[in-house]
Amino acid sequence: MSFENLNLPEALSKALQAAGYTEPTEVQATAIPPAMAGKDLMVSSRTGSGKTASFMLPALARILAARAQPQNPANRQRGPRVLVLCPTRELAMQVAKAASDYGRFVPGLRVATIVGGVPYGAQLAALRGALDILIATPGRLIDHMGSGKAQLGQLEMLVLDEADRMLDMGFIDDIRHIAAATAPQRQTVMYSATFAGTIGGLAAELLRDPQRIEVSAQTEAHGDIEQRLHWADDFAHKNALLDHILTDRAVDQALVFTSTQRDADWLADRLHEMGHSVASLHGGMPQGRRNRVLQGLRSRHLRVLVATDVAARGIDVPTISHVINFGLPMKEEDYVHRIGRTGRAGRSGLAVTLAERRDSGMIHRIQRFTTQRIPAATIEGLEPKRAEPRPLPPRVAAPGHKPGGKTFGPRPGGKPFKPAGKVFSKSGPRPAR
Ligand code: ADP
Ligand code: MG
């Protein structure tokens with residue numbers, strides 16, 4: 001399959017050539033034809049599989065088609081033809097960059113980004129002019145709609161990127177509100193890791209007779225990402241393992257995940273003191289600083305980024321060779337998103353998880369979710385003294401874990417990195433058996 005089979009307008013083929021793309025990815029080959037035909041789609045495909053182009057190319061084709069008919073009165077519109085909703089600011093910026101990359105030969109293309117955490121002034125100016133594509137996070141867009149500045153009445157195409165994540169972040173009512181302000185005959189394309197539960201309900205509300213495209217299951221997703229699991233005896237051991245991994249010359253750039261913002265800052269400080277070129281990235285930082293940090297990563301001034309899940313969502317930096325889980329995610333599906341930050345654009349990557357014994361419940365849930373065992377590994381001289389925890393029997397809570405409760409969370413007293421284990425003996429009753 002080549003891009004020629006997709007019958008893209010010349011301006012787009014040229015841009016793809018300039019980007020060095022030789023053939024469409026699977027999700028592009030499958031989703032672009034029905035999207036160009038105006039169909040509603042629900043798409044699930046692994047991270048790094050090229051979803052952005054799969055909606056952006058049809059969106060740009062629409063804009064080109066409208067440009068070709070200047071006499072049509074509908075073309076004197078002001079509001080955007082295409083709206084892309086994204087969960088985070090970082091992701092919105094990346095989609096905007098893709099819009100200008102893939103749209104570089106579209107004459108006079110007007111793209112605006114509306115995200116929180118930045119001043120309103122430039123956004124208001126962008127909304128005042130005529131617009132082709134608007135890329136937004138739901139919260140800030142709602143603000144602009146409330147003041148009448150964002151007009152969506154002439155919208156032709158609505159894209160929900162990472163819809164599952166937007167729901168996790170509590171945006172469901174915002175999404176409904178935004179969709180209700182658009183023309184009902186619009187085309188809607190929705191991307192999500194899953195279409196079960198609430199997300200399926202939202203799809204049923206917003207999509208008309210959608211075609212469902214499922215490219216590859218999460219379980220087949222990471223052929224080019226090697227996964228390893230290191231068991232740590234305690235917190236000091238976990239730090240020693242991290243330090244050893246980061247000094248490996250094979251690390252091009254590393255993304256280290258922590259569970260909380262405080263942990264991210266703490267760990268970045270510690271690694272900085274050791275001499276690493278490192279920064280933290282989390283949702284508690286002002287947008288300007290977040291942008292500078294990402295820029296530092298892209299320009300390779302930073303070798304290590306310590307981030308939380310929300311901030312790292314959607315980061316596409318092809319030179320990330322290692323993802324290291326220093327703190328486990330709160331939800332098993334976030335593991336898949338985390339490791340998808342490496343092995344981008346066909347490169348190979350290594351995803352290393354550092355786990356203490358009390359993390360074994362979450363490790364088990366991750367393995368059940370991906371239906372894969374993460375192979376355990378050791379480092380010479382840093383082998384764990386305690387035996388590897390035995391795999392848990394399926395669907396039975398581990399002893400010592402509250403039923404249904406999280407096995408990992410903010411540490412007691414809000415202090416980062418208090419090694420657990422002393423907690424029960426000091427302050428709490430032993431868990432019932
Ligand atoms: P997803 O949204 O599925 O996680 P992206 O759209 O962010 O994936 O694309 C991941 C990476 O793959 C980007 O660096 C992008 O430039 C690259 N890419 C996308 N399509 C192609 C293609 N057809 N050929 C080569 N690289 C591609
Ligand atoms: Mg994406």
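One-based numbering, in listed order, for ligands and for the atoms of each. All residue numbers refer to positions in the sequence shown, counting from 1.
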Numbering the atoms of ligand 1 from 1, which are under 4.0 Å from a heavy atom of Arg46? 3 (O)
Pair Tyr191, Ser54: side-chain N/O donor-acceptor within cut-off below 3.5 Å: yes
Contact with ligand 1 for Ser49, non-hydrogen, under 4.0 angstrom: yes
Atom 20 (N) of ligand 1: which of Lys97, Glu23, Gln28 has the nearest heavy atom? Gln28
Within the 4.0 Å heavy-atom cut-off, what Gln94 brings close to ligand 1 is neither
Can a side-chain donor-acceptor contact be found between Asn291 and Gln287 if the only test is distance below 3.5 angstrom? yes
Does only the side chain of Phe3 get under 4.0 Å from ligand 1, or the backbone, or both, or neither? Count heavy atoms. side chain
Should Arg165 and Asp334 count as an ion pair when the cut-off is N to O under 4.0 Å? yes
Looking only at distances, can you tell me whether any N or O atom of Thr22, backbone or side chain, sits closer than 3.5 Å to an N or O atom of ligand 1? no
Residues passing the side-chain contact (heavy atoms from CB on, under 4.5 Å) test with Gln367, sequence neighbours excluded, are Ile363, Arg373, Ile374
Do any nitrogen or oxygen atoms of Gly50 lie less than 3.5 angstrom from nitrogen or oxygen atoms of ligand 1? yes
Pairing residues for His322 by the side chain to side chain donor-acceptor pair (under 3.5 Å) criterion, not counting sequence neighbours: none
Taking only heavy atoms of Thr52, which atoms of ligand 1 are found under 4.0 Å from at least one of them? 2 (O), 5 (P), 6 (O), 7 (O)
Salt-bridge contact Lys331-Asp309 (side-chain N to carboxylate O under 4.0 Å): no
